S.K.: 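Right, I'll just put the structure down here and ask away after.
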Amino acid sequence: MDVITTVEGLRAARAGLGQLGLVPTMGYLHEGHLSLVRQARRECGAAAASIFVNPTQFGPSEDFTRYPRDLERDLRLLEAEGVALVFVPEVAEMYPEGFGTAVVLPAADEVLEGAARPDHFRGVATVVCKLLNIVQPTRAYFGQKDAQQTVVVRQMVRDLNMPTQIVVAPTVREADGLAMSSRNSYLTPEQRAAAPALYRALTAASGLLADGERRGDALRQAMAEVLAGEPLARPEYVSAADPLTLRELDAVGPRGALLSLAVRVGQVRLIDNLLVE
Ligand code: PAF
């Protein structure tokens, strides 16, 4: 497995490979990332991963400096999965002095995570654009857990005519339903016990939808009620939105609904979603 820190080195190593699947990550890997790596290898023959905690997608009061990092463990896990290339750039390699371009999707900043985290998607779109340009993968793999990120990346690739195919894989969950996330490592045992309330709220709403409830308000209310029953959970938003525009729904139509929520458990901000088609 080649571990490469420079754009130039990555380009040289990539040149020797044909079809390649890229899994962009911020490290501190879990089973969700590894399942994307396996899918990339299965579908493309060879897999690459990037590990880069991207400063530009964190707000000033967010957790950039304390975001969990364990490069040695990540590299061991990727090697065991038969990954061909790992790109591990320093911040100065990605954003050298004089760097001045951004990829902006203004509509993304108006709803859900974009509304809650100003400039987050500008940082995500810019770094994903750079990674796709640097690695030039055949396909790039993302988890459904970051639902709005997948919508943003797909739109960017479409709008900018980028040749990489974007693949979105289902969220990988713990046995009690909690979506896997590197940030789960922040949870105390008591908070960890409370965290499955997110998935319970989502399944309550998807159950209602399966029973024929179509009103967006009723679905949002069902999620809010479940969360209200968990004293450690402080919801930031609950949403039943159109899966493409991410606008809140009055009534669920033929495109289905993206049920999503952001909840603070203690200081830890967790997000999750279910795409109901
Ligand atoms: O989902 C993530 O880990 C990040 O947002 C990504 C796609 C690697 C960009 O930094």
Side-chain angles (χ1 to χ4, degrees), residues 4 7 10 21-37 39-40 47-59 62-71 73-75 77-78 83 85-95 99 101-105 108-109 112-114 116-135 137 139-157 160 162 164-172 179-186 260 262 268-273:
I4 296 164
V7 173
L10 194 286
L22 171 68
V23 182
T25 83
M26 297 206 298
Y28 215 70
L29 304 179
H30 51 67
E31 185 54 32
H33 298 113
L34 299 180
S35 71
L36 296 177
V37 166
Q39 189 175 350
S50 59
I51 300 176
F52 179 60
V53 185
N54 173 36
T56 67
Q57 69 187 75
F58 290 79
E62 292 184 356
D63 55 347
F64 171 67
T65 48
R66 63 184 192 102
Y67 192 83
R69 292 160 169 91
D70 190 344
L71 183 59
R73 176 178 168 274
D74 289 348
L75 294 178
L77 291 170
L78 294 174
V83 165
L85 290 182
V86 189
F87 184 43
V88 192
E90 294 288 339
V91 172
E93 183 71 7
M94 292 298 274
Y95 302 113
F99 181 86
T101 301
V103 180
V104 183
L105 294 85
D109 292 333
L112 304 176
E113 287 301 284
R117 303 180 67 188
D119 288 340
H120 172 65
F121 286 116
R122 173 191 176 109
V124 169
T126 303
V127 80
V128 172
C129 182
K130 284 173 67 70
L131 290 169
L132 297 185
N133 283 336
I134 294 165
V135 180
R139 296 179 177 191
Y141 293 80
F142 297 85
Q144 172 62 28
K145 156 132 191 313
D146 294 302
Q148 192 173 6
Q149 171 169 279
T150 70
V151 172
V152 163
V153 169
R154 279 190 158 133
Q155 174 156 13
M156 173 187 75
V157 163
L160 300 183
M162 300 174 81
T164 299
Q165 189 186 334
I166 302 302
V167 181
V168 176
T171 302
V172 178
M180 288 197 186
S181 164
S182 308
R183 287 188 169 103
N184 291 350
S185 63
Y186 297 149
S260 70
V268 189
R269 187 173 184 278
L270 300 175
I271 59 170
D272 199 356
N273 69 86

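None of these values were measured; they are calculated from a predicted model. Both counts, for ligands and for their atoms, begin at 1 and track the order of listing. If you read the sequence from its start, that first residue is 1, and numbering goes on from there.
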S.K.: Taking distance alone, with N or O pairs closer than 3.5 Å, would you say Gln149 contacts ligand 1?
M.R.: yes
S.K.: Between Arg73 (side chain only) and Leu29 (backbone N and O only), is there a donor and an acceptor less than 3.5 Å apart?
M.R.: yes
S.K.: Look at atom 3 (O) of ligand 1 and say which protein heavy atom is nearest, naming residue and atom and giving the distance to 0.1 Å.
M.R.: Met26 CG, 3.6 Å
S.K.: Quick one: ring pair (Phe, Tyr, Trp, His ring centres under 6.0 Å) partners of Tyr95, sequence neighbours excluded?
M.R.: Phe99
S.K.: Heavy-atom pairs closer than 4.0 Å: do any link ligand 1 to the side chain of Thr25, the backbone, both, or neither?
M.R.: backbone
S.K.: Considering distance alone, does some N or O of Gln57 sit under 3.5 Å from an N or O of ligand 1?
M.R.: yes
S.K.: Mind checking whether Arg183 and Asp63 have side chains closer than 4.5 Å, heavy atoms only?
M.R.: yes
S.K.: Residues two or more places apart in sequence or in another chain: which of them pass ring pair (Phe, Tyr, Trp, His ring centres under 6.0 Å) with Tyr67?
M.R.: Phe58
S.K.: State the atoms of ligand 1, each with its element, that fall below the 4.0 Å cut-off from a heavy-atom position in Val127.
M.R.: 9 (C), 10 (O)
S.K.: If we ignore hydrogens and angles and just use 3.5 Å, is the side chain of Glu93 paired with the main-chain N or O of Val7 as donor and acceptor?
M.R.: yes
